[in-house]
Structures are given as C-alpha cells and as structure tokens.
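Working notes, beginning with the structure itself.
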2 protein chains.
Amino acid sequence: MSGRGLERAGGQPLWKQLQHDLVRRLRAGEFADAFPGELVLVEDYQVSRHTVRQALSQLRADGVIVAERGRQPRVATAPEIRQPMGALYSLFSSVEASGLTQHSTVRALDIRADGVIASRLDLEGSSPLVYLERLRFAGDEPLALDRVWLPATLAEGLLEADFSHTSLYHELAERTGLRLDHGREDIRAVTPTAAERALLHCPADAAAFSINRVGHAQGRKVEWRHTLVRGDRFALSAEFSAHQGYRLTPATTTNPLG
Amino acid sequence: MSGRGLERAGGQPLWKQLQHDLVRRLRAGEFADAFPGELVLVEDYQVSRHTVRQALSQLRADGVIVAERGRQPRVATAPEIRQPMGALYSLFSSVEASGLTQHSTVRALDIRADGVIASRLDLEGSSPLVYLERLRFAGDEPLALDRVWLPATLAEGLLEADFSHTSLYHELAERTGLRLDHGREDIRAVTPTAAERALLHCPADAAAFSINRVGHAQGRKVEWRHTLVRGDRFALSAEFSAHQGYRLTPATTTNPLG
DNA sequence: TGCCTAGAAATGTACGCACATTCAAGCTAT
DNA sequence: ATAGCTTGAATGTGCGTACATTTCTAGGCA
C-alpha cells in the first residue's frame, strides 16, 4: 500500500507524524517480523529520506528500534535485556551476583477468584485468576515470600510450568508472549507476622520489605504481586545522578547467611 | 578565529568531532556568556549546517544545551529543579504533596571528628566534620531521624544556618555553592531500637527504613548521611518502564497520622 | 519617552544529491 | 558441500538548497 496520509499542512511536523504513526503500527503488531527500511518508508509515505531519518532517529533515541549500517532497522528487543526491572529484579540479580544459588518452593499454583485483587487488575470481581505462591530461597535460607495474581484468561498456560527454578517473567514470555513493559510498585518497611517469621526463618527482631506491584504489558494490567523480603538479608541499593536519574544497582550486600 | 581543525579523514564522523570539541570548549568556559549560533559554527569549522545541526542535536539530547526557534542556543542551566533526588527527596516531596507541614528539630549542629565517617568521605580520620542531627516532622508527628556529616572545610558555613524550616541542600547551595550531582544510597528495612522508637513516637511493632547515603558534588564526596524513617508513615513508590527506567514518584501515601 | 511595527536574524522543517561503509545473499570455484 | 569472493542493498555521513516560524532589534510614530 502506498500513499499513507500525513497531514502536510497539519499543525505537527511531518517527521513527528511519521514517528507516531510508526509507533502506532508497531503496537498494532504490524512489524512483528521485520521493520521497514528507510527507502520503503520514503515510498510509502511519500516524504524525503531526510524526514524518514529524522523520525527514525527519534525512535532510536527512545530505544524503540535499533539500526546499523547496511542492516535493516530492527525492533529493539528491549524488555529482554533491560528486563522486568524494579526492586524485585534488583533482588534476584543481587542474589545471583553474590554467588548463592536460587530456587523456589511452590506453595500454591492454581486458579481462584479474589474480588479485591481482581479490581486492582481492572477486572470483574468474579474473574478467575492464576495464583502463584512461592517461597524463594537464596542458598539454603529463605529470602522472600512471593505471591502473584494474574488474569487467568491471559496466564492460564502457566499452570503447567515448573516454577522451582525458572522465573515468572521467563515463563510468562515463553508461554503467553507477554512481556512487562512498565509497572508501579510500593515498597514498605514492615514487621512480619509470627507466621511469616516462621516461614522465612527470620530472627525475632528482623524487619522486612513489603513490596506491592502492578505490572503492565501491552496496555493491560497483567500481574498484581506482593512480595515479602527478609530485611536482614537484603538491602535496596541505588545510584542517582542528574544525568542518568535513579537506578537500582544489584551491588547489594546480601548477607551470606545469618 | 576561523578554520578550526577537524580531521576530515579521521576515523570519527565530523559531527562527532564537532560535538566533542564543543563540549571541550564549553568546559573550558568559552561559552560562559553566549553559545555560538549554527551559522557561526558553520563558518568557524567550515562544515555544512547539516553537520552542525547533527552535533547540536546530540548536545541537546544530552541536555547540554537548549535551543529554540529564532533564538540562539543557550547552555542548559544546571538541573536546579530535578536536584536532590533519591529516596530522601521522594520522602520530603511526598510529605509536601500530602499537604502536611514540615519542620525539623535540630538536635545537634556542631563540628566533631569521627574516624569511621571520615574514611567513608575519603578523608583523614582526624578531619573535622560538620555534624547535623535533626528530627523531621510531618504535621505534628515525627517522621524521620536524620543525621548528616559533611567535611568541615567545605561546609563550615552551615553552622550558622537555621535548619528548622529549610533543607540542607538549599543551605548548602546557598552558602557554599555546592550542589550534589550524584550519589549512592542503600535502603534497608530495620526494626528501630527502643530509644529510636521513643524518639519517633513509633508504635511498638513498627518497622523503619534505614537509608545510608553518600552524596557527591564536583568530584568530591560531600555528605554521608543516615536517615531513619518511620515505616508506618512512609512508603517508597516507584514507576518503571523500558522507556523511562526506574523513577521514584512522590505519590506515596504518607498516612495522615496514625 | 513609550509603544508599535517592520525587518533582520536565527532556528525548525523539508527537499534534493552523492558517496562511504557495512551487511547479507548469491554465485563461483575448489 | 563448503569456503571465499562478488555484488547488491541498506544505512551512515556530508553537502547543498529553499522556505516557515519565531525571536529580537531597531526605527518610526504618537
């Protein structure tokens, strides 16, 4: 198809219109296999290569696409490398950095309904949810209690997964194609209940992080998560600068056993 | 002066050489009063406007300069607004957002020596340090216990400041010209001691955030800070996305009194 | 002296061309 | 069949032009 309409007298510059249209088509899944080259876009939109390049340069600056010499631009496989992010990613990567082995005990993996959680995922109260509860270990000691709810319509395929050694995000991407692209989390400092203390083998006076999190993928809320992390074994570590903003770093000292 | 030498057969693109040379001249203070316009640079470096614009667009993307239509590019004024950053900034801005008034009780403001802290600031063990200890209130209830050490050689002017209503960073910038440009912090979940609980009016079962932080300014470590924040009145809140990374948000629910 | 307007000047947008450099596919020869 | 080369195609770099839009300034007018 040629002659895609761009408002030539519109209020916005051509390259910006082109940029937005490309993002729109990208989200619609049009470029799943290959991103069109510059000359194709020139022909398609009937604009100069200069304009196309200006639009693409913006997309590249935003990390949406990756381009190299002599090679067609490709859609950036961003979420694979820069990852799920957030405090939880920091937690698990810091465990890995410390050399301790990670594994989980699956305490529950089933489908259930929960009106409160469902509403937090913008679902009807009776909507079925995949529920996964794990006790995560670093070395031989428990580190965190992790509970996740996902819409069953999206995540039903997870029921057959073995979560004792793989991560939720890996299975989610593998089995449903969903990758979290953004989210929001609240981190609180709490005192664990006696039951939680027993489960996590906490010392009596230990505090804990309580992390609530909503994860989005492709415009939908796909997970509501609550994680309780032993405060005596984990610290959030971050660097901040005017240039690079706030970045969690995995250099956290996960005490090698207590 | 015209004909500034750019290696035309050099390994690097012209625009990149130009970009780096402009940064170099900028740091040398050449553009203190005004940044040269595009046409001036074209004449100066004997390159096309396209090349100049490509270099400037990079500088703009890096936030070094600001350009507008019809107006000469200007050197970007130091990011005065997005300044302090980090969890502490998130703390105080969220209190403000909640509508509660903030004030502090200065428990100590003097000069003392501390070998451990001094070494953390890359100083000799006997180096004098300005020590500031405050109890920070949100509304009528205590929120955090804040202790800061700064090198006395840099921060001596702070001794006469009144910290009951102004922020440390404001006074620091005002009296010494220092602005933190980056830093690092560790955030832990801890159980406050009985003394700390009494001071902060904590409930007996409340946990707390313990934040350690090193702040840098102009290549030197200028503050070592320890802050203890009531866990029942504060939560860290963050948004993350592939596009924008990890950002602390001030939307935290500071419980309006307990 | 103060306000307004016209023009100059600067950046933003958009088009065109040419060549360099790199990647990938296809072909040839061993 | 595979290794190596050739060739085409795509992006990167660099130059030129023209016009639009905005800002600043200087001059005129009341």
Side-chain angles (χ1 to χ4, degrees), chain A residues 2-23 26 30-31 33-77, chain B residues 2-23 26 30-31 33-77:
Chain A
S2 100
R4 293 183 174 269
L6 295 183
E7 291 294 332
R8 246 182 151 75
Q12 282 206 324
L14 278 181
W15 63 265
K16 193 166 265 187
Q17 295 180 45
L18 174 55
Q19 176 193 349
H20 289 154
D21 197 52
L22 288 175
V23 169
L26 180 68
E30 270 192 66
F31 309 136
D33 43 334
F35 197 87
E38 294 178 358
L39 301 181
V40 175
L41 294 174
V42 166
E43 193 59 32
D44 251 27
Y45 286 89
Q46 292 290 307
V47 294
S48 72
R49 190 156 89 103
H50 180 71
T51 304
V52 169
R53 282 180 65 75
Q54 201 156 352
L56 293 186
S57 105
Q58 280 297 313
L59 292 178
R60 192 171 25 169
D62 293 348
V64 178
I65 62 172
V66 180
E68 281 172 77
R69 224 171 197 162
R71 175 182 292 180
Q72 284 227 355
R74 293 163 302 178
V75 177
T77 59
Chain B
S2 100
R4 294 184 175 270
L6 294 184
E7 292 293 332
R8 254 192 143 67
Q12 283 206 322
L14 278 181
W15 62 264
K16 194 166 263 188
Q17 295 180 46
L18 175 54
Q19 176 193 349
H20 289 153
D21 197 52
L22 288 176
V23 169
L26 181 68
E30 270 192 67
F31 308 137
D33 43 332
F35 197 87
E38 294 178 359
L39 300 180
V40 175
L41 293 173
V42 166
E43 193 60 31
D44 252 27
Y45 287 89
Q46 293 290 307
V47 294
S48 73
R49 190 157 90 102
H50 181 69
T51 304
V52 169
R53 282 181 64 78
Q54 200 156 353
L56 292 187
S57 104
Q58 281 296 313
L59 292 179
R60 194 170 25 170
D62 293 346
V64 178
I65 62 172
V66 180
E68 284 171 73
R69 224 176 201 159
R71 176 180 292 180
Q72 284 226 356
R74 292 163 303 177
V75 178
T77 58

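Letters A, B, ... mirror the listed sequences (proteins, then strands); counts begin at 1.
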Original post:
Tell me: CD of E43(A) to P of dA10(D), nearest whole Å?
Top reply: 12 Å
Original post:
How about F31(A) and L22(A): do any of their side-chain heavy atoms sit closer than 4.5 Å?
Top reply: yes
Original post:
Do you know which two heavy atoms are closest between P73(B) and G37(B), and how far apart they sit?
Top reply: CD-CA, 4.2 Å
**OP:** Spell out protein contact along nucleotides 10-20 of chain C as letters: B when the base is contacted, S when just the sugar-phosphate is, - when no protein heavy atom is under 4.0 Å; keep the 5' to 3' order.
**Re:** BBBBBBS-B--
Original post:
Which heavy atom of T51(B) sits nearest a heavy atom of L18(B), and at what distance?
Top reply: O-CD2, 4.3 Å
Subject >> Side chain to side chain, E68(B) and R74(B), heavy atoms closer than 4.5 Å >> reply: yes
Original post:
For the residue pair L56(A) and E38(A), what are the closest heavy atoms and their distance?
Top reply: CD1-CG, 3.7 Å
